[in-house]
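Just below is one structure, and these are the notes that go with it.
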Amino acid sequence: MDGNDTPSVGKCPVMHGGMTSMGRTVMEWWPNALNLDILSQHDTKTNPMGKDFDYREELKKLDVKALKQDLTDLMTDSQPWWPADWGHYGGLMIRLAWHAAGSYRLFDGRGGAGTGNQRFAPLNSWPDNGNLDKARRLLWPIKKKYGNKVSWADLYILAGNVAYESMGFKTFGFAFGREDIWAPEEDVYWGSEKEWLADSVLRYANSEDPASLEAPLGAVHMGLIYVNPQGRDGKPDPLKSAHDVRVTFARMAMNDEETVALTAGGHTVGKAHGNGLESNLGPAPEAADISEQGLGWINHKTRGIGRDAVTSGLEGAWTSHPTQWDNGYFDLLLNHEWELKKSPAGAWQWQPVDIKEEDMPVDVEDPSIRKMPIMTDADMAMKMDPDYRKISERFYNDFDYFSDTFARAWFKLTHRDMGPKARYFGPEVPQEDLIWQDPIPAGSTGYDVDAVKAKIAASGLSVSEMVSTAWDSARTYRQSDMRGGANGARIRLAPQKDWEGNEPARLTKVLKVLEGIASGSGASLADVIVLAGNVGIEQAAKKAGVDVKVPFSPGRGDATAEMTDADSFNPLEPLVDGYRNYQKAEYDVSPEELMLDRTQLLGLTAPEMTVLVGGMRTIGTNHGGTKHGVFTDNVGTLSTDFFVNLTDTNNYWRPSGNGIYEIRDRATDAVKWTATRMDLVFGSNSVLRAYAEVYAQDDSKEKFIKDFVAAWTKVMNADRFDIA
Ligand code: HEM
């Protein structure tokens, strides 16, 4: 073969066989395959800070005062390449912070400002995030100066806070502590549409019913943070906008009052940009030419900056003095009639029918020119929806009340996904405990752990009861917004005590015993629940002939019902995790996908998930009295039987209806055990099977128990932000 035989089909002049672009990924052959990659994101290998980097330690070196002064100076240091409107970047920086935080959704706790994900695709290129790349680039000199002592994620939110402060608003506080990620998250489902701003009917099963917005999504359209500013599907209708605003803000845990405060407080400053043609803009950052160096929406045809900038396509400010914290939003909204007009870019917006010259905001570049103020369709909802209107009027008549409500709502918006207060850092952390922080009082560490363990061991509780209760208590934890978990012992409170998956009857019985042990011992119930699980694991390992001591850190506290926003815990209910009656799960995703989702939220890797499920199956924690998945004749012993039997070629599997599978002996056809889809996936998925085989090997017993205990301990301690 000589050079002339080189196949001519590949046009690339350089030989390469690497999977070097996303369009070449091989897994598209099997679109239903489990995406186990979501369990191995944010590896230290791709983190330039390395594995020893400790952001909290870096923060201790940060000169917060100097940083805030630099940010304050930046606000009015207009740059010719992207001039500040009226010489103040406040509006832009607040929108940056709001859009960073606003992607948070309560249902799965994903999204939000906590990771700095806005600098990566897809968020960096969402239509709604237009020109926020400029805001981030404006911050770069400050990021560069303070280096690793402040994360991008913290900087985005702090920039929003400083912007407000520099415009005369007193914020509720600020907490540092958001550590940057170095690649976009792969676990967040942003919607299945392939088109930006695709029709909202794709998200609403019934457009009259807010609750029918596809879960867990928090926006009505693909590529938007919440709602279409021109009205649903681009058709102005303030009452429909009210409907969309209400459901999307509720998905972010905001009530009506918080929603009005946020919308009004946001639009008290800054402006919308649409003084030009959208068709003059280049592609979003991710699709832009390499020479744009990460910037997008660049206009190479006309001026495109300052008063000629185009972002949303709407054009104008909401208030008379848009660089000042005042009550101007309600003043204009409530005291004028508004009519629909088109912006120069052709977008629908509302403008006053009649307005005094002196109430019109001035041009961003020339204060001698007056411009029409505007309202988006969502702003009009604050006047046209009867409930929103009542709140708007109250705010208008009581500016201090409005300011305080906004301050608290802004703090909640920008901090909610950080989880418990123990994760907050810095001189401006508010002292007050807030219910959405899921407060937990500190627990004692000074009691006799061994004595409590001895009492648990003598209590008559079974291994399964002890392990199930501890697991149920801990498994609500989600690393997306650091909520849930064993700390707080909220398993004894509504709604968790009544969840079907927690088997209320069994739970009540076990809790009664454990409460008796906790009382007077100095230990919190939360600690005793975890200790009971540990005792169960130690007993199950002993039955397998292995002595282990499960590591334990005391100090969990017991939250009260008053400290618990019960409704906000509903989304933490594990629908299917291998331990609830999966047959009742009527979802359009498979039970194994739901298991994968929960595993990701728990922060476990795929091998950890494998070893935990396999071990729990032999301990026999199956709920509801069923024995599905207990592939062992030695229930209660921590053994590798699940893996051995799952991978035994003498066994075969037959569906028996209702998602149950029988495991039969190939030779005799006798039914040996029954299984669920979730059990079987550890034998069918090629990667999970590879892990299962590791634990099925003859020499794996010691490793299995060691790995199981490590994974178990990780779950039990996942929410311990109170200890270093
Ligand atoms: C109710 C839902 C909301 C809608 C539909 C909406 C819509 C918009 C639109 C279309 C723009 C113009 C963007 C541009 O062309 O530059 C804008 C700007 C802005 N929004 Fe909102 N917004 C909403 C809620 C909020 C909230 C909750 C906040 C903050 C608390 C906020 C803060 C801002 C700020 C500060 C600007 C001005 C940006 C600048 O001056 O460059 N908005 N919003």
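Every number for a ligand or one of its atoms is a count from 1 in the order of the listing. If you're wondering where the values come from, they're calculated on a predicted model, not measured in any experiment.
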For [atom], the option (of [options]) bearing the nearest heavy atom:
atom                    : options                        : value
atom 40 (O) of ligand 1 : Glu258, His273, His88, Lys271  : Lys271
atom 2 (C) of ligand 1  : Phe249, Trp410, Tyr164, Phe406 : Phe249
atom 38 (C) of ligand 1 : Ala381, Gly265, Gly91, Ala101  : Gly91
atom 20 (N) of ligand 1 : His267, Glu315, Arg95          : His267

List ligand 1 atoms under 4.0 Å from [X], heavy atoms only on the residue side.
X      : result
Ala378 : 1 (C), 5 (C)
Ile94  : 35 (C)
Leu262 : 26 (C), 27 (C), 28 (C), 29 (C), 30 (C)
Thr263 : 1 (C)

On the ring face of [Y], is [X] found with NZ or CZ under 6.0 Å from the centre and within 45° of the axis?
X      : Y      : result
Arg105 : Trp190 : yes
Lys235 : Trp348 : no
Arg178 : Phe425 : no

For a salt bridge (Lys or Arg N to Asp or Glu O under 4.0 Å) check, start with the C-alpha distance between Arg110 and Asp597, then their side-chain angles and the critical distance, and finish with the verdict. CA-CA 11 Å; Arg110 293 190 173 100; Asp597 189 40; 2.8 Å; yes
Indicate the ring-plane relationship of Phe395 and Phe402, choosing parallel, tilted or perpendicular according to the 30° and 60° boundaries. tilted
Checking a contact table here: which protein heavy atom is nearest [atom], and how many Å away?
atom                    : result
atom 18 (C) of ligand 1 : Trp318 CH2, 3.3 Å
atom 25 (C) of ligand 1 : Trp98 NE1, 3.2 Å
atom 34 (C) of ligand 1 : Gly266 O, 3.7 Å

Pick one: which of Phe172, Tyr401, Trp325, Phe411 meets side chain to side chain contact (heavy atoms under 4.5 Å, CB included) with Phe406? Trp325
As an exercise, state the distance from CG of Leu202 to NE2 of His221, rounded to the nearest 0.5 Å. 10.0 Å
Proximity to ligand 1 by part of Ala272, non-hydrogen separation under 4.0 Å: both
Dump the intermediate steps for side-chain hydrogen bond (donor to acceptor under 3.5 Å, both in side chains) on Asp565 and Trp436, then the final yes or no. CA-CA 7 Å; Asp565 175 3; Trp436 53 262; over 6 Å; no
